[in-house]
There are 2 protein chains.
Amino acid sequence: MADPAGPPASPQGPRPHTGRQRNEATRRAILDAALRLIADADGAPVTVDTIAREAGVGKQTLYRWWPSKGTVLLDALTDHAEREVPAPDTGSLHGDLRAVVGAVFESARTPPTAPALRTLVREAARDPQLADLLREFTQARRAVLREVLARGQERGDLAADRDLDLMVDQVYGVFWYRFLLGHAPLDGAAADRLTDSLLGEAS
Amino acid sequence: MADPAGPPASPQGPRPHTGRQRNEATRRAILDAALRLIADADGAPVTVDTIAREAGVGKQTLYRWWPSKGTVLLDALTDHAEREVPAPDTGSLHGDLRAVVGAVFESARTPPTAPALRTLVREAARDPQLADLLREFTQARRAVLREVLARGQERGDLAADRDLDLMVDQVYGVFWYRFLLGHAPLDGAAADRLTDSLLGEAS
DNA sequence: GAGTTGACGAGACCGTAAGTCTCGATAGAG
DNA sequence: CTCTATCGAGACTTACGGTCTCGTCAACTC
């Protein structure tokens, strides 16, 4: 009751906050350093000590705000990447599908996203918690693709008995497979052919 | 993996081999222990010390014959798995493709292959040399699938302009994607639908 | 302004696991 | 019998994620 000038929207807090406050510049420095290192070392492991030193920060500062190294890396990536994935609307299923596939493929070619993703997947192989977060991160992108397919099915551009989840997995399966192995390109031509293949249209 | 001491057909060898010889039982014990541990701990990391202790063997004995932990694991898996992958011949492209896809999917359900593969991929994420070996291991299986598709294309069951490499990647992409994420089944029904999807046949 | 509180940089410290080194014992070849 | 390479055992080194401590410093309260 004795806090009339306190922060608003905090009717429950027994004590709002005293003491030194979090330094935003420090947060940025850590995220920037992480992204820089993650992008430079393509796939190579990035250590916590390196991030802290690069950011000019103590390790404890890092662990005060993030529970693990993986969450820092993921935060650094998502902070840079767009959280929103716009669903295309070109009027035709073929056009929409081609747009989404192209956008997915494109994301793997623009640094620093590509090397960062590679590093992140490497880390996720050892860190189950990070693997969950990464799944959640990709969920939005999967949902957009599935939405496009469902719309096409409603309009009758896609057979009613097609397995949409399988089609989504065909796109993301090819994407990750080629992205991680690097044995075949993920360019526009590949996007064209995959789109045609999925819709049963031999070009 | 390492068998440089071939007594015959060695006109160049300055000294054939003196001293105590390699104990075959020891080799088997290591491989068996590795496979057992790899299968039990589904995806969980398997340490070198554990393998050595389980096999009743010194660590140095292990490192005398294998250059790294990953190669031991891969050797344990390939020693168990069939190196030869028979190409099916059902007479029709659809039948052959369905058979290969089904076999690929099936391999992920029979222990100890499935958990071993999972562990191996985890290790490969950190060990580039193991990643190469794993790629080489899967190469034979990819080749079989591509062969089936090429045969179908020659017979005219598949449009001449279809991208066979992309089709192979669709199969293995879906396989690995679902195998590692586990968000969707890899059963016979999925194999049916994937086969139909690839051949443009709405069932 | 004085005092309290919590963030800060720095770095010692711990646990774990891959890989190396050493040692005494042992087994096959000559 | 001797020479040499393998064996089991385990100490040791290195690397890294994560924790703990310490002295300092900034923001908020009284």
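Throughout, protein chains are lettered first and strands after them, A, B, ... in sequence-line order, and every chain is numbered starting at 1. Everything numeric in this text was worked out from a predicted model, so none of it was measured.
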**Study point:** Non-neighbouring partners of A:Q139 that pass side-chain contact (heavy atoms from CB on, under 4.5 Å), sequence neighbours left out
**Key:** A:R142
**Study point:** Members of residues 119-128 of chain A that approach DNA chain C, where some heavy atom sits under 4.0 Å away
**Key:** none
**Study point:** A:Q129 CD - D:dG17 C1' separation (whole Å)
**Key:** 13 Å
Review point. Where along residues 45-61 of chain A does a heavy atom fall under 4.0 Å from DNA chain D?
Key: A:V46, A:T47, A:V48, A:K59, A:Q60
**Study point:** Protein-nucleotide distance (A:L62, atom CG; D:dG17, atom P), rounded to Å
**Key:** 11 Å
Exercise for review: Please report, rounded to the nearest Å, how far the P atom of D:dC25 is from the CZ atom of A:R20.
Suggested key: 9 Å
**Study point:** B:N23: side chain to side chain donor-acceptor pair (under 3.5 Å) partners, not counting sequence neighbours
**Key:** B:T26
**Study point:** Between P of D:dG17 and CG of A:L130, the distance in whole Å
**Key:** 13 Å
Review point. For the pair made of CG in A:N23 and P in D:dA27, what is the distance, rounded to whole Å?
Key: 9 Å
Review point. Which residues pass the side chain to side chain donor-acceptor pair (under 3.5 Å) test with A:D127, sequence neighbours left out?
Key: none
Side chains of residues 181-190 of chain A: which donor-acceptor partners sit under 3.5 Å, not counting sequence neighbours?
from	atom 1	to	atom 2	distance (Å)
A:H183	NE2	B:D169	OD1	3.2
A:H183	NE2	B:D169	OD2	3.1
A:D187	OD1	A:A189	N	3.4
A:D187	OD1	A:A190	N	3.0

**Study point:** Pairs involving residues 102-116 of chain B, ordered by first then second residue, that meet salt bridge (Lys or Arg N to Asp or Glu O under 4.0 Å) (sequence neighbours left out)
**Key:** B:E106-B:R109
Study note, to complete from the structure: Separation between CG (A:L134) and CG (A:L74), nearest 0.5 Å, reads 6.5 Å
Review point. Between B:Y63 (OH) and D:dA9 (P), how many Å, whole number?
Key: 17 Å
Check your understanding: What pairs with B:D49 under side chain to side chain donor-acceptor pair (under 3.5 Å), at least two apart in sequence or on another chain?
Key -> none
**Study point:** Set of side chain to side chain donor-acceptor pair (under 3.5 Å) partners for B:D163, sequence neighbours left out
**Key:** A:R193
Review point. Can you list, by residue number, the residues of residues 64-72 of chain A that have a non-hydrogen atom closer than 4.0 angstrom to DNA chain C?
Key: A:R64, A:W65
**Study point:** Lys/Arg cation over aromatic A:W65: A:R27, 6.0 Å, 45° cone
**Key:** no
Practice item. Go through the structure and list residues passing side-chain contact (heavy atoms from CB on, under 4.5 Å) with B:R28, not counting sequence neighbours. Key: B:E24, B:L31, B:D32, B:D79
Review point. Considering residues at least two apart in sequence or located in another chain, which fulfil the ring pair (Phe, Tyr, Trp, His ring centres under 6.0 Å) criterion with A:F179?
Key: A:F175, A:W176
